[in-house]
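Quantities reported herein were computed from a predicted structural model and do not represent experimental measurements. The first residue of the sequence shown is numbered 1, and numbering continues consecutively from there. The figures here come from the full heavy-atom set of this structure, side chains too, leaving out hydrogens, waters and symmetry mates.
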Amino acid sequence: MDAKIGSLFESIGNFFSGGDQIPWCDRDVIAGCEREVAEASNGESEERKHESIMRLSWALVHSREKEDVQRGIAMLETSLGNDKSPLQQREKLYLLAVGYYRSNDYGRSRELLEQCLEIAPDWRQARSLKKAVEDRIAKDGVIGIGITATAVGLIVGGIAAALARKN
């Protein structure tokens, strides 16, 4: 019985918190990645520079800070057309989708994930994020309907109370 109650509370908590399994990244990791990019920019190979920029982009879109997420999105969008392989394209699209998901732009995130899945249809990570995005879109719709129904109920109640007072 306790397990069922715990499961109920967990599902309610996941409904309101989002319940995704995407990792978060803290400021220390971002600072380390920024140092790595600076070091790679000083005469390192292009491949090393690209790898360090990708790590920084990953850290930024996984940050809890909205400014970091926006910076990661901007970095990824700038470099999106410079891909030499479909794998690099897929990785950037996925990271952009994470960034847009964290920015609550679920429609854009879903579009990017669909592009990812065109490149790699069986990629579980992208499928998992797409399910989380679609769950959030559905949840936001349910909450929106609830807010609308409450507002309509209050308006109808107010009109009914005004009419009752008038009589």
**Request:** Would you list the pairs meeting salt bridge (Lys or Arg N to Asp or Glu O under 4.0 Å) in which at least one residue belongs to residues 88-100, sequence neighbours left out?
**Result:** D83-K92

Taking the side chain as everything from C-beta on, heavy atoms only, tell me whether [X] gets closer than 4.5 Å to [Y].
| X | Y | answer |
| --- | --- | --- |
| M54 | L95 | yes |
| K131 | R127 | no |
| V37 | R55 | no |
| W123 | C116 | yes |
| Q125 | S128 | no |
| C25 | V29 | yes |
| V133 | L113 | yes |
| I30 | S63 | yes |

**Request:** Mind running salt bridge (charged side-chain N to carboxylate O under 4.0 Å, His left out) on E34 and R71 for me, showing each step along the way?
**Result:** CA-CA 12 Å; E34 288 171 334; R71 201 170 120 213; 2.6 Å; yes

Count I, L, V, M, F, W, Y as connected when their side-chain heavy atoms are under 4.5 Å apart, and connections chain through other members. Are [X] and [Y] then in the same cluster?
| X | Y | value |
| --- | --- | --- |
| L112 | M75 | no |
| L80 | Y100 | yes |
| I119 | V98 | yes |
| L96 | I137 | yes |
| L129 | V61 | yes |

**Item:** Cation-pi check, R136 onto Y106 ring (under 6.0 Å, within 45° of axis)
**Value:** no

Is [Y] paired with [X] through a side-chain N to carboxylate O contact shorter than 4.0 Å?
| X | Y | value |
| --- | --- | --- |
| R48 | E36 | yes |
| R64 | D26 | no |
| E111 | K130 | no |

**Request:** For atom NZ of K66, decide whether the heavy atoms of other residues, nucleotides or ligands shown that lie under 6.0 angstrom number more than 12.
**Result:** yes

Straight-line distance of [X] [atom1] to [Y] [atom2], nearest 0.5 Å:
| X | Y | atom1 | atom2 | answer |
| --- | --- | --- | --- | --- |
| R102 | I73 | CZ | CD1 | 11.0 Å |
| C33 | D28 | SG | CG | 11.0 Å |
| H50 | S79 | NE2 | OG | 7.5 Å |

**Prompt:** Applying ring pair (Phe, Tyr, Trp, His ring centres under 6.0 Å), which residue pairs with at least one partner in residues 57-93 are found, sequence neighbours left out?
**Reply:** W58-H62

**Polar side-chain atom of T78 near backbone of A74 as donor-acceptor pair, under 3.5 Å** = yes

**With sequence neighbours excluded, residues passing side chain to side chain donor-acceptor pair (under 3.5 Å) with E51** = none

